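Below is one structure, written out as structure tokens; comments come after it.
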Amino acid sequence: MKKECVLVSGGAGYIGSHTAVELINAGYDVVIADNFSNSDMGAVEGVRRITGVDVPVVEVDCCDKSAFRRVFEQYEFDSVIHFAASKAVGESVADPLKYYGNNLTSFINVVSLMHEFGRHNIVFSSSATVYGEADTLPVTEQTPRKPATSPYGNTKQICEDILRDSVAAYDGLRGIALRYFNPIGAHPSALIGELPRGVPQNLVPYITQTAAGIRECLSIFGDDYPTPDGSCIRDYIDIVDLARAHVVAITRMVGGKCRKNYEIFNIGTGKGVSVFELVKTFERVNNLKLNYKVAPRRAGDVVAIWADTSLANKELGWHAERTLDQTLASAWAWEKHIRGIE
Ligand code: UDP
């Protein structure tokens, strides 16, 4: 039987590369499309080494519609997972047109090409950022979205709306938006992982780079929040667990199991962890001391957010499986691998 093929746009990136691996492990064919603006072939090589499959890769900017159209002409996928987007919150505030330009144009292109070519299933990478500072915790998919506090967050909300309206209008199109909480960690093989360019903006890469001696000291942004230990609370989801959520979403659509043509699922662990707890866990599982200090709050941070994942548990049959200990060990193993640390 011919295998189902999935186009993974942004497949050389952090979440995309891990998802490509899990798709292949689950028996799908994968085509990666990436413009390599924030990624490199190393991730693709890692996917190939882990899976033993010579995954095809097309270098293409999804904002260039005629170039992107050629990918649709060349490959017979019925499903797309769209990761290709810019993702730095601070940069989006400094350069909003880059974010609206990239993230909206590439998404509009992918949906319109799917419509033009009669391709059916799309998974969109959304984010818990759409909830903002929620009034009640944990957040369910019904929790109202708050006005976005950054252009990046706004692009996630707008793309969700574009998807909702497009599946309502175009027969045969089905969409699932996965709202990710905080993806962290790396593949257990340490062959792929997160590789931020420049100074990391996210907590775990900053921690691993500090442990590796690349950064001098981690700043913990705020210890006077109204939380038990004063630091912010997030729901840190293992990258492989997150990648598996995409596979079950695709399988649900391919198998005609969707309840509606547009569905939304929270993808997190359901547990809130503070910054101090995360740092202490990292130190314990990896048996090292991290240089850190308390610094002022970072503008735009919400105090606390974690997911109610019951919908994904029930409807997708998906649960986060890896423990925070395993995930933080994998993050350090990956950092050591890329830095050549024994
Ligand atoms: N954080 C921190 N120091 C850093 C980076 C992040 O204390 O160098 C905190 C940040 O204030 C937030 C949490 O870690 O409370 C997660 O931040 P991250 O940027 O990783 O994800 P976000 O939840 O902002 O998307």
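In listed order, ligands and their atoms are each counted from 1. Being a predicted model, the structure only gives us computed values, none of them experimental.
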Is the NZ or CZ atom of R145 both under 6.0 Å from the centre of the six-membered ring of Y131 and within 45° of that ring's axis?
no
For the ring pair [X] and [Y], is the centre-to-centre distance below 6.0 Å?
X: F107; Y: F124; result: yes
X: F83; Y: Y14; result: no
X: Y170; Y: H120; result: no

Give the minimum heavy-atom separation between I264 and L311, together with the two atoms involved.
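Here I264 and L311 meet closest at O-CD2, 3.5 Å.
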Note every protein N or O atom lying under 3.5 Å from an N or O atom of ligand 1, pairing the names and giving the distance.
unit_1: ligand 1; atom_1: 3 (N); unit_2: S219; atom_2: O; d: 2.7
unit_1: ligand 1; atom_1: 7 (O); unit_2: S219; atom_2: O; d: 3.4
unit_1: ligand 1; atom_1: 7 (O); unit_2: F221; atom_2: N; d: 2.9
unit_1: ligand 1; atom_1: 11 (O); unit_2: D301; atom_2: OD2; d: 2.5
unit_1: ligand 1; atom_1: 17 (O); unit_2: R298; atom_2: NH2; d: 3.4
unit_1: ligand 1; atom_1: 19 (O); unit_2: Q201; atom_2: O; d: 3.4
unit_1: ligand 1; atom_1: 19 (O); unit_2: N202; atom_2: ND2; d: 3.1
unit_1: ligand 1; atom_1: 19 (O); unit_2: R298; atom_2: NH1; d: 3.4
unit_1: ligand 1; atom_1: 19 (O); unit_2: R298; atom_2: NH2; d: 2.9
unit_1: ligand 1; atom_1: 20 (O); unit_2: N202; atom_2: ND2; d: 3.3
unit_1: ligand 1; atom_1: 20 (O); unit_2: L203; atom_2: N; d: 2.9
unit_1: ligand 1; atom_1: 21 (O); unit_2: N182; atom_2: ND2; d: 3.1
unit_1: ligand 1; atom_1: 23 (O); unit_2: N182; atom_2: ND2; d: 3.0
unit_1: ligand 1; atom_1: 23 (O); unit_2: R234; atom_2: NE; d: 2.6
unit_1: ligand 1; atom_1: 24 (O); unit_2: R298; atom_2: NH2; d: 2.9

Any salt bridge between K289 and E283, counting N to O under 4.0 Å?
yes
